[in-house]
Structure formats: C-alpha cells, structure tokens
Amino acid sequence: ITDVIWYKPRRNHWITLNEPWSYSRGGYAIGIYAPGRCSEWLNLNCTGGDSGTEPYLASHYQLLAHAASVQVYKKKYQKSQKGIIGITLVCFWYTPYSNHKVDKDAANRALDFMYGWFMEPLTSGKYPESMISLVGERLPKFSEEEARLVTGSYDFIGLNYYTTAYAANAPKTRPNYDSDSNVKTSYSRNGIPIGQSIEDWYGHYGEFSNGLESALNEDQLGDGQHCFKGRIA
C-alpha cells in the first residue's frame, strides 16, 4: 500500500497517522469511533470488547505500522523525493487540581497516558514507566527488533492541541484505559470553569484554556514536564 501511495507523488511532506490516541481510545476504550468496542460493564452500548486490553493493543500495532511505513519511505523514496515523514499526535495540557504532590503526580501521569503513550516509544522504544507500572501485563512489549524499528521513526512530530483540564489523583478501579492512570480529569474547580466554554465542530461543549504554551515549554508540574520534554531536539 505504501509503495502505491508514494509512487510519483505530488507532495513530499508525509504524515503516517493523525492522532492514533483518538482512534485507540475512541474505538476500543469507549466505543464512540469504529469499530465501536469497549467493555460490557461500562454500559456504553458497544459491540463487545475489552477496554482494559484492546486500546493498548491498537496503539501498539499503530506504532509498528507507522514505523514500518517510515522505514519503507526512508529506504526507497526519501532520497529521490527529498521529502520528510512524521506522525501527528494529540496532547492536552493537564493542570494539577491542587498543589498537593498526589495531584501533581496525577497531571504527569495524564500526560504519560495520552502523549507519552506514543512519544516515549518513538524516542526510546519503550512505554512510559508509569504505564508499565500501572497497566502491567496488559501493556504489550516491543521486541528488541521492534524497539529499534520504532525508535527515531520520524523526521518531525505534528502536535494537535485542543484544551486543558484539571487532573486529580483517583483510586484504582477495574481494568480500563480511562481509569488505569489513576487520574480524574475535570474542567472546573470549586464551580469555576478552567476556561471559556465553547462549542466544538462536533456540537459538544468543552472548556477552552490557553494551555498550549504550557504544553510546549512550561515547568508547571515541578519536574520540567511538558509535551516535548526531552523528546524532540
């Protein structure tokens, strides 16, 4: 398929995947996107599935498919086309609900489970330590060959940013991607919205907060954490 796409193309800037997180979560954790799968106990009218395992498998194989496509492009087409290839990820910003360490840690975990889920393998060939610890055996592992394939498989990283949310520490529940991080997110605190309420293009209401600058370069979580921390030169 990739050979067909790249044969005599009219452009030389390529993105393999756009927001793989949205597909994994929407399609396999909460069932709002195709193929509409999630755990029965969530009562979300899904077609079957397991929200504690399938999202992780979906992301794992998306990363491998991305890396394999990049490998083909770099070996066969990049030199002649003088093009570049990358992937576009999504990263919300998470602000600790309070100044307590447990909530600061929760904000870090929220970033790990959304952005680090993909960016860490792309730079190190493994998943974030917080995910390894909390998800355990349900989280797939890269073989040595796969880790080498995935690591560095991009010329650029695209970033989609939509909003900012509060992150608070939460107790562990049944295995489920949305709760595995032990984080509860919200868009208000003490009745005060985190930002201006807006209606998005899907007709859903959300809160807009100017967290993009924080997502890129701030040190609000106490350890230099941000979406591009130590991951893109």
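Basis for what follows: all heavy atoms, side chains included, without hydrogens, waters or symmetry-related copies.
- Side chain of Thr151 to backbone of Gly125: a donor-acceptor contact under 3.5 angstrom is found.
- Closest non-hydrogen pair, Ala167 versus Ala107, comes out as CB-CA, 3.7 Å.
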* Asked: Should Tyr94 and Val183 be marked as a side chain to side chain contact (heavy atoms under 4.5 Å, CB included) after you check the CA-CA gap, both sets of side-chain angles, and the distance that decides it?
  -> CA-CA 10 Å; Tyr94 293 98; Val183 177; 5.8 Å; no

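- With hydrogens and angles ignored, the 3.5 Å screen pairs a side-chain donor or acceptor of His66 with a backbone N or O of Ser153.
- Heavy atoms of other residues, nucleotides or ligands lying less than 6.0 angstrom from NZ of Lys184 number 12 at most.
- Between Met131 and Asp112, the shortest heavy-atom distance links the atoms SD-O, 3.7 Å.
- Distance check: Glu19 CD to Leu159 CG gives 9.5 Å after rounding to the nearest 0.5 Å.
- Judged by distance alone, the side chain of Asp155 and the main-chain N or O of Ile85 form a donor-acceptor pair under 3.5 Å.
- Looking only at side-chain heavy atoms (C-beta outward), Tyr177 and Ser59 stay at 4.5 Å or farther from each other.
- In this pair, Tyr166 and Tyr97 present their aromatic rings perpendicular. The plane angle is above 60°, beyond the 30 to 60° band.
- The two atoms that bring Ala68 and Leu149 nearest to each other are N-CD2, 4.2 Å, heavy atoms only.
- A donor-acceptor contact under 3.5 angstrom links the side chains of Ser179 and Thr173, judged on distance only.
- Of the possible donor and acceptor atoms, none in the side chain of Arg189 sits under 3.5 Å from a partner among the backbone N and O of Ile194.
- A 4.5 Å side-chain heavy-atom check between Thr95 and Thr164 finds at least one atom pair inside the cut-off.
- The main-chain N or O of Ser39 is found under 3.5 Å from a side-chain atom of Ser51 such that the two form a donor-acceptor pair.
- Aromatic ring centres of Tyr28 and Tyr23 lie closer together than 6.0 Å.
- Proximity of a side-chain donor or acceptor of Ser98 to a complementary backbone N or O of Asp103 within less than 3.5 Å is not detected.
- Between the side chain of Gln78 and the backbone N or O of Gly83, at least one donor-acceptor pair lies under 3.5 Å.
- For the side chain to side chain contact (heavy atoms under 4.5 Å, CB included) with Leu17, the lone residue among Ile87, Leu63, Thr88 that qualifies is Ile87.
- By the neighbour-count criterion of 12 heavy atoms within 6.0 Å, atom NZ of Lys79 is sparsely surrounded, having that number or fewer from other residues, nucleotides or ligands.
- The distance from the OH atom of Tyr73 to the CG atom of Asn12 is 6.0 Å, given to the nearest 0.5 Å.
- Counting only distance, with no hydrogens or angles, the side chain of Arg109 and the backbone of Asn182 share a donor-acceptor pair below 3.5 Å.
- Between Trp14 and Tyr77, the gap from one ring centroid to the other reaches at least 6.0 Å.
- Residue Lys101 holds its NZ atom at 10.0 Å from CG of Asn169, rounded to the nearest 0.5 Å.
- A distance below 6.0 Å separates the ring centres of Phe142 and Tyr127.
- Ala29 and Cys38 get closest at one heavy-atom pair: O-CB, 3.3 Å.
- Not one N or O on the side chain of Tyr154 forms a donor-acceptor pair closer than 3.5 Å with the backbone of Val70.
- Aromatic ring centres of Trp21 and Tyr115 lie farther apart than the 6.0 Å criterion allows.
- The structure places OG of Ser24 at 11.5 Å from CD1 of Ile30, a figure rounded to the nearest 0.5 Å.
- With rounding to the nearest 0.5 Å, the separation of CD in Glu146 from NZ in Lys141 is 12.5 Å.
- Both Trp117 and Tyr162 are assigned to one and the same hydrophobic cluster, defined by single-linkage of ILVMFWY side chains at heavy-atom distances under 4.5 Å.
- Hydrophobic clustering places Leu57 together with Ile132 (ILVMFWY residues linked when any side-chain heavy atoms are closer than 4.5 Å, directly or through intermediates).
- Arg25 is listed as a side-chain neighbour of Asp178, based on a closest heavy-atom distance under 4.5 Å.
- Panel note: side chain Ser124, backbone Pro121; no donor-acceptor pair is recorded below 3.5 Å.
- In this structure, the separation between OG1 on Thr185 and CZ on Phe92 is 9.0 Å, given to the nearest 0.5 Å.
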